[in-house]
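Notes to accompany the following structure.
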Amino acid sequence: MALEIRLVPLLSDNYGYLLHDAGTGETAIVDPSEAAPVLAALDAEGWKLSHILNTHHHPDHIGGNAELKAATGARIAAPKADLHRIPDVDVPLAEGDRYRVGGSEARIFAVPGHTSGHIAFWFEADQALFSGDTLFSLGCGRLFEGTPEEMWRSLGKLRALPDATRVYCGHEYTQSNARFALTIEPGNAALEARAAEIAALRAAGKPTIPTNLGVEKATNPFLRADVPAVQAALGLADRPAIETFAAIRRGKDNF
Ligand code: ZN
Ligand code: FE
């Protein structure tokens, strides 16, 4: 039975995600910035929290851990590399590990770049990827603790997943990401179409998440640093893709 997934808006632009396995009743929250809206969403659904999943140590992804654990007894699964800076972890996770929520199993990817310990959760059978602040719709996370090379390699792991994979990321940054992406590829018809869809969703007060990997591969400049037309647009034709990736990341930092 597939996981039911509910988006929970948190803080100003964060998203947490409730995952519910109706077969077993197990429920997880991914990246709870704060506890109260998560408890309210659980209450509204009649679900009981059993797992807390963290993609990385930033406060806007773990801020609700302690209160949620105290209120529900849920166990915390988080990056092994962040044990020194995420309190009270029950299940440390690293590249290649598997983690079950009821009848669904996630494969864990180590995706350093935004932070050194960042992980992503891929529920293959559910076609759902929880990418935290590594892969955003039309963007990627800032490089606080990593190099462009690390982030490009991390995004490469995620880009290799099937096009139908739904991407659930940590923030609603999509519309400003779209504005930047259009400066890189103004002639990309798929990007223009996605930007129009995003504008309509935001005007209606709706989230732009989930996106899917097929759309991201066609539109997200950070996944397209090895596309010759993108490299040429940056004056980096015939140069290694990492130079284009680094240039796009620098451009976004200053956008
Ligand atoms: Zn972060
Ligand atoms: Fe964040």
Side-chain angles (χ1 to χ4, degrees), residues 5-19 28-38 41 52-68 76-89 92-95 106 108-122 128-155 157-158 166-178 180 202 207-211 216 220 222-223 245 248-250 252-255:
I5 301 174
R6 297 279 186 278
L7 180 152
V8 186
L10 300 169
L11 302 177
S12 60
D13 55 28
N14 279 80
Y15 289 138
Y17 301 99
L18 282 175
L19 319 182
I29 180 73
V30 179
D31 284 351
S33 321
E34 50 180 341
V38 176
I52 296 166
L53 313 183
N54 297 138
T55 61
H56 65 295
H57 76 283
H58 282 157
D60 62 313
H61 297 258
I62 70 167
N65 277 18
E67 191 179 338
L68 288 170
I76 299 174
K80 190 176 191 172
D82 286 333
L83 288 181
H84 61 293
R85 52 189 183 180
I86 301 180
D88 217 11
V89 173
L93 296 172
E95 172 76 26
I108 309 305
F109 294 107
V111 285
H114 176 67
T115 66
S116 56
H118 203 301
I119 60 173
F121 296 81
W122 179 43
L129 172 71
F130 296 89
S131 60
D133 290 357
T134 297
L135 174 62
F136 294 126
S137 183
L138 299 181
C140 77
R142 278 180 188 267
L143 304 180
F144 290 120
E145 299 177 0
T147 62
E149 286 79 5
E150 283 177 305
M151 186 56 116
W152 178 238
R153 200 176 319 125
S154 294
L155 291 172
K157 290 183 190 178
L158 305 184
R166 292 170 294 167
V167 179
Y168 297 89
C169 58
H171 291 268
E172 181 60 69
Y173 289 161
T174 316
Q175 196 159 24
S176 69
N177 287 343
F180 173 72
R202 297 310 289 157
T208 63
I209 306 302
T211 179
E216 293 303 315
N220 186 329
F222 295 96
L223 299 183
F245 180 79
I248 297 171
R249 188 57 261 175
R250 268 196 313 277
K252 181 64 167 65
D253 288 344
N254 298 310
F255 183 64

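Whatever order the structure lists ligands and atoms in, that order sets their numbers, starting from 1.
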What N, O or S atom of D60 is found closest to the Fe ion (ligand 2)? OD2
Around atom CD of E67, are there more than 12 heavy atoms from other residues, nucleotides or ligands closer than 6.0 Å? no
Metal site the Fe ion (ligand 2): N/O/S of D31 inside 2.8 Å: no
side-chain contact (heavy atoms from CB on, under 4.5 Å) test vs I29 passes for just one of N54, L68, N65, namely L68
Any chance you could measure E216, atom CD, to L155, atom CG, to the nearest 0.5 Å? 10.5 Å
Within H58, is some N, O or S atom less than 2.8 Å away from the Zn ion (ligand 1)? yes
Should the pair R250-D253 be classified as a salt bridge under the 4.0 Å nitrogen-to-oxygen rule? no
So which N/O/S atom does D133 have closest to the Zn ion (ligand 1)? OD2
Under 2.8 Å from the Zn ion (ligand 1), is there an N/O/S atom belonging to D60? no
OD2 (D133) - the Fe ion (ligand 2) - NE2 (H61) angle, nearest 10°: 90°
Rounded to 10 degrees, the angle NE2 of H114 makes with NE2 of H56 at the Zn ion (ligand 1): 100°
Would F109 and E95 count as a side-chain contact (heavy atoms from CB on, under 4.5 Å) if you check the C-alpha gap in whole Å, the side-chain angles of each, and the deciding distance to 0.1 Å? CA-CA 5 Å; F109 294 107; E95 172 76 26; 4.2 Å; yes
Restricting to N/O/S atoms, is H171 within less than 2.8 Å of the Fe ion (ligand 2) or not? yes
Is there a side-chain contact (heavy atoms from CB on, under 4.5 Å) between H171 and H61? Walk through the geometry before answering. CA-CA 10 Å; H171 291 268; H61 297 258; 3.5 Å; yes
